[in-house]
Number of protein chains: 2
Amino acid sequence: MSTQFNETEQAILAAALEEFSKHGRQGARMQDIADRAGLNKALLHYYFRSKERLYEEVFTYVFRHYFTRMTTPLRSDGSFAEILRQFIHQYVDLLNENPALPMFMLREVAEGAPVFRRRIGEIAATHLDPESGDTPLGLPNTILAFFERGVREGAVTQADPFQTMISVMGACIYFFAAFPIFAAVMPGLEQQRAALTEARKDHIFELVYYGLKPRTE
Amino acid sequence: MSTQFNETEQAILAAALEEFSKHGRQGARMQDIADRAGLNKALLHYYFRSKERLYEEVFTYVFRHYFTRMTTPLRSDGSFAEILRQFIHQYVDLLNENPALPMFMLREVAEGAPVFRRRIGEIAATHLDPESGDTPLGLPNTILAFFERGVREGAVTQADPFQTMISVMGACIYFFAAFPIFAAVMPGLEQQRAALTEARKDHIFELVYYGLKPRTE
DNA sequence: GAAAAGATTAACTAAATAGTCAAACCAATG
DNA sequence: CATTGGTTTGACTATTTAGTTAATCTTTTC
């Protein structure tokens with residue numbers, strides 16, 4: 001985790017992310033978080049005061065990490081196709097390394113994004129990406145601008161950039177979000193997980209690349 | 001809801017679906033479910049005994065409803081392209097009518113799908129789709145078979161049917177799952193929701209149709 | 001190496017919440 | 001219109017769980 005936290009705090013945050021992702025803000029149990037981190041429950045309160053504060057710290061971390069890392073490829077040099085491929089690869093890797101991330105964000109959304117709304121200003125003001133100077137809140141606009149650029153350059157069809165952004169992200173995320181349920185019904189799938197994850201990158205790229213390629217009809 | 005439940009039970013199930021979707025199996029509060037249904041809390045126990053049993057009833061209903069309705073277009077007549085379009089339209093409509101559905105399923109998955117695993121046999125044995133004779137568990141295979149057929153008929157590229165299935169479903173679901181967070185960051189999006197939902201259908205179809213179209217290179 | 005500061009723990013308290021129950025209500029039936 | 005069966009309710013109990021505290025261990029500092 002980030003450097004502003006010591007080892008114990010990082011262990012707590014990591015365990016909390018897991019538990020909040022699995023059971024939600026209210027469903028997660030402080031005792032379970034402590035057990036997962038291998039620490040006494042009182043320590044959670046010693047370092048983070050309350051469950052609500054702990055959640056907010058986890059949220060702030062996840063939000064920064066998730067969104068900052070996603071925009072990096074979009075600012076690199078290269079053709080539209082190359083950047084698109086980079087973006088998809090990076091995003092799949094990010095999700096693969098942190099499978100709890102999307103569920104954590106989706107839960108926050110499902111609950112009406114109360115913490116997001118409450119801290120949105122603070123996050124935007126405090127946590128600028130040192131490299132780009134962007135705020136994480138600029139992510140949608142950065143992605144949209146990328147697809148708009150593709151349209152201008154003639155690399156892709158006139159497809160609505162917003163719709164495209166949702167499709168690409170959804171195709172990436174859903175694999176990780178739904179894998180367990182497909183694995184439960186389709187025997188043998190679990191063993192293929194690593195291979196499918198790797199193949200997923202090129203699959204999504206090709207689907208989107210050819211799906212958006214200018215057509216002559 | 002289904003006919004096997006009386007009016008009160010249906011009200012409870014509907015309210016429970018909402019609350020479980022928002023807050024999870026453990027996070028949901030029996031009192032909140034009762035309030036939402038406009039009923040006394042004791043009635044929930046009168047009809048469903050415990051929170052856990054109530055959850056399982058909701059799950060069984062949702063699972064049947066969600067998966068049964070999804071397969072219908074796949075069994076209709078028509079070209080590969082027509083059926084694909086039908087499937088996407090139906091699926092987006094289904095999600096639009098029941099926005100709580102995907103989150104409910106995703107939560108179950110996030111928790112390790114304990115109820116799904118426990119009841120999987122029972123659901124498969126008891127709840128056959130009267131029209132097709134399929135069990136809901138056959139859904140992935142039905143979808144896979146559909147895309148395999150497309151490959152055989154030369155309508156689509158050799159793309160892995162599993163990957164394709166995930167991409168299509170993810171593109172449909174993510175729009176509804178993530179809309180609130182984009183709406184929070186992008187002013188004016190909320191007002192466009194209905195139009196975007198409608199446009200979404202053709203967008204996904206075109207992306208997938210052209211993305212999978214056989215190419216000559 | 002003693003004292004102070006910080007980290008960690010087990011046992012405890014306060015509050016929230018699932019679940020119970022006996023009484024009240026209501027609709028059907030004779 | 002009294003009786004019976006199913007339904008609904010408010011008040012209650014038992015249990016779970018967030019949060020506290022005082023005592024103990026550990027590390028740093030002089």
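Computed from heavy atoms alone, side chains included, the values below leave out hydrogens, waters and symmetry copies. In the text below, chain A, chain B and the rest are named by the order of the sequence lines, each starting its count at 1.
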Discussion item. Is it true that, when you exclude B:E7 itself, more than 12 heavy atoms of the residues, nucleotides or ligands shown sit nearer than 6.0 Å to its CD?
Written reply: no
Response to the item:
Rounded to whole Å, the CG-C1' distance (A:L54 to D:dA18) equals 12 Å
Fill in: B:T142 and B:R75 side chains, donor-acceptor separation under 3.5 Å
no
Discussion item. Taking the axis from the first five pairs and the axis from the last five, what angle separates them in the helix from C:dG1-D:dC30 to C:dG30-D:dC1, rounded to 10 degrees?
Written reply: 10°
Worksheet item: B:H45 and B:S50: side-chain donor and acceptor closer than 3.5 Å?
Response: no
Worksheet entry | For atom CD of A:E52 and atom P of C:dA16, their distance in whole Å | 14 Å
Worksheet item: Choosing from C:dT8, D:dT7, D:dG10, which nucleotide comes nearest the side chain of B:A42?
Response: D:dG10
Response to the item:
Of the candidates C:dC21, C:dA18, D:dT20, the side chain of B:M30 sits closest to C:dA18
Worksheet item: Hey, are A:Y61 and A:Y66 close enough side-chain-wise for a donor-acceptor pair under 3.5 Å?
Response: no
Item to complete: Test for a donor-acceptor pair under 3.5 Å between the base of C:dG19 and the side chain of B:K41, counting only N and O atoms.
Response: yes
Item to complete: In whole angstrom, give the distance that lies between atom NZ of B:K51 and atom P of D:dT17.
Response: 9 Å
Worksheet item: To the nearest angstrom, how far is B:Y47 atom OH from C:dG19 atom P?
Response: 18 Å
Discussion item. Does anything in residues 21-29 of chain A come within less than 4.0 Å of DNA chain C? Heavy atoms only, and list the residues if so.
Written reply: none
Item to complete: Name the closest nucleotide to the B:H45 side chain, picking from C:dG19, D:dG19, D:dG6.
Response: C:dG19
Discussion item. Rounded to whole Å, how long is the line connecting atom CD of B:E19 with atom C1' of C:dT17?
Written reply: 14 Å
Response to the item:
In whole angstroms, the gap separating C1' of D:dT7 from CG of B:L43 amounts to 7 Å
Item to complete: Report the nucleotide, chosen from D:dG19, C:dG6, D:dT7, that has the shortest atom-to-atom distance to any side-chain atom of A:Y46.
Response: C:dG6
Worksheet item: So which nucleotide from C:dA7, C:dG19, D:dT9 ends up closest to the side chain of B:N40?
Response: D:dT9
Worksheet entry | C:dA7 phosphate, OP1 or OP2, under 4.0 Å from A:T8 side-chain N/O | no
Fill in: Length of the CG-P vector between B:N6 and D:dT7, whole Å
7 Å
Worksheet item: Using 30° and 60° as the class limits, which term best fits the ring planes of A:F162 and B:F175: parallel, tilted or perpendicular?
Response: perpendicular
Practice prompt. Decide, yes or no, whether a salt bridge links B:R49 with B:E56 under the criterion of side-chain N to carboxylate O below 4.0 Å.
Written response: no
Discussion item. Is the shortest side-chain heavy-atom distance between A:Q192 and A:L189 below 4.5 Å?
Written reply: yes
Practice prompt. Quickly work out the B:F20 CZ to C:dA18 C1' distance and round it to whole Å.
Written response: 12 Å
Discussion item. Centroid separation under 6.0 Å, is that true for the rings of B:F146 and B:F87?
Written reply: no
Item to complete: Could you tell me whether the side chains of B:E108 and B:Y55 share a donor-acceptor contact shorter than 3.5 Å?
Response: yes
Worksheet item: Is there any salt bridge (charged side-chain N to carboxylate O under 4.0 Å, His left out) pair reaching into residues 27-43 of chain A, and which pairs are they, with sequence neighbours excluded?
Response: A:E19-A:R36
